[in-house]
Amino acid sequence: MPRTKIAGIGMYVPKNVVTNNDLTRVMDTSDEWIQERTGIKERHYAIPFEDTTTTMGVEAAKIALERAGVSTSEIDFIIFTTISPDYYFPGCGVLAQRALGISDIGALDIRNQCSGFIYALSVGDQFIKTGMYKNILLIAAETHSYGLDFSTRGRNVSVIFGDGAGAVVLQPTGAELDEAPSPGVSPSSPSRGILSTHLHSDGSEAEMLSMINPGFHAGKFAPEKKPAKPAQPYGGLFITKQLLEKEDIYPYMDGPAVFKKAIIKFPEVILEALTANHLQTSDLRLLIPHQANLRISQMVQHKLKLRDDQVYNNIDKYGNTTAASIPIALCEAWENGKVKDNDIICLAAFGSGFTWASALIRW
Ligand code: ACO
């Protein structure tokens, strides 16, 4: 059985750069507060009537396809991961397929929030390893700026998020899938590609980082907001005037709770990937964590005793782009020559759900 390799990678961010100082014009915040708590200096926002999650994803995909030397007619499956889709349904997978001029092949949409890219990578990996597909296009894109609360009420969430897209082309390596290497095997062993993926979730605190409306829950999971008597006996509970007047149409985050959980689950899932492959933190060439918050990445680095050159951060330029953050960071790291053949690269994510995941790759 072959392994899966990333044959091409691309990224796209919209042209509109929004600095922390720009945000001070619409809400009570400061450059100092945002940089101190999150490490973010600026982010890119989609341009209305020009950029959408699909259009940005397609731009990233075109670059990934060109770098892989793959034409659109050779793609045999599309995976699209986002939590900010153009439409409630259908998903961005078919919209990207149409924009790329492809028909008939399967297109799968994956959510899973900040862990979406690694979940999607894991799904693609299974299809490649079993020989079902030869060229999978995986797109991760987000347009958060269209759905954030830019009043002071929403400032703890809105300053963190940015828009952008990343894409990869997955292909079989052609190499045989080895048994897990024995302890002590050199990291320069020739077996390249995705070594393993590790997926986790725990829904017990699902609302800690969530956007529950518009949803089909009809108040079941927010009993304190349930009216004594429904306005009508059936239907009409999805988008109501009452709902639009409430603040909970925006993302909600219990920041301190997310922080505490993230700094436990990130190191756990990174060590799980290393242990599964009989490797150690010293074997890691680069950790690419989901760009949640620079303080979280720094705490993870500290806990794992990693050197500065072993951890890639670019949240200062893009903010948190949820599912797109890992492929954007991986693409930038690769373009900057920080990812080379045979390097051991760990991708790791933690986010809403809660979900957390890792992937270990020998590039
Ligand atoms: N500008 C200025 N002041 C702000 C802002 C802002 N943008 N946002 C919140 N504040 C204020 C609050 O109103 C509060 O004021 P008060 O003390 O007068 O009530 C004060 O700052 C502290 O608020 P907290 O919410 O307690 O802020 P905290 O110190 O916890 O920092 C933060 C908030 C940065 C979100 C922090 O909790 C954190 O780092 N959490 C991790 C979660 C995270 O980064 N998630 C990223 C997205 S999720 C993911 O990708 C996994």
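Treat the numbers as computed from the prediction; the structure is a model and nothing was measured. Atoms within a ligand are numbered from 1 in the order they appear, just like the ligands themselves. Just so you know, these numbers use all the heavy atoms, side chains as well, and skip hydrogens, waters and symmetry mates.
- Looking at Arg192 and Asp341, a side-chain N of the basic residue comes within less than 4.0 Å of a carboxylate O on the acidic one, giving a salt bridge.
- Every residue was checked against the salt bridge (Lys or Arg N to Asp or Glu O under 4.0 Å) condition with Glu66, not counting sequence neighbours, and none meets it.
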Distance dump, ligand 1 polar atoms to protein, N/O, under 3.5 Å:
unit_1	atom_1	unit_2	atom_2	d
ligand 1	1 (N)	Thr29	OG1	2.6
ligand 1	3 (N)	Trp33	NE1	3.4
ligand 1	7 (N)	Thr29	OG1	3.2
ligand 1	7 (N)	Arg155	O	3.2
ligand 1	13 (O)	Arg155	NH2	2.9
ligand 1	21 (O)	Trp33	NE1	3.3
ligand 1	29 (O)	Arg37	NH1	2.2
ligand 1	37 (O)	Pro256	N	3.3
ligand 1	39 (O)	Asn293	ND2	2.7
ligand 1	40 (N)	Gly255	O	3.0
ligand 1	44 (O)	Asn293	ND2	2.9
ligand 1	50 (O)	His290	NE2	2.8
ligand 1	50 (O)	Asn320	ND2	2.8

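- For the residue pair Glu272 and Thr275, no side-chain donor N or O sits within less than 3.5 Å of a side-chain acceptor on the partner.
- Across all their heavy atoms, Met208 and Val258 have their closest contact at O-CG2, 4.3 Å.
- For the side-chain contact (heavy atoms from CB on, under 4.5 Å) with Ile344, the lone residue among Asn277, Leu286, Leu195 that qualifies is Leu195.
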Chi angles and distances behind the side chain to side chain contact (heavy atoms under 4.5 Å, CB included) call for Leu23, Arg43: CA-CA 11 Å; Leu23 292 178; Arg43 72 286 291 143; 3.6 Å; yes

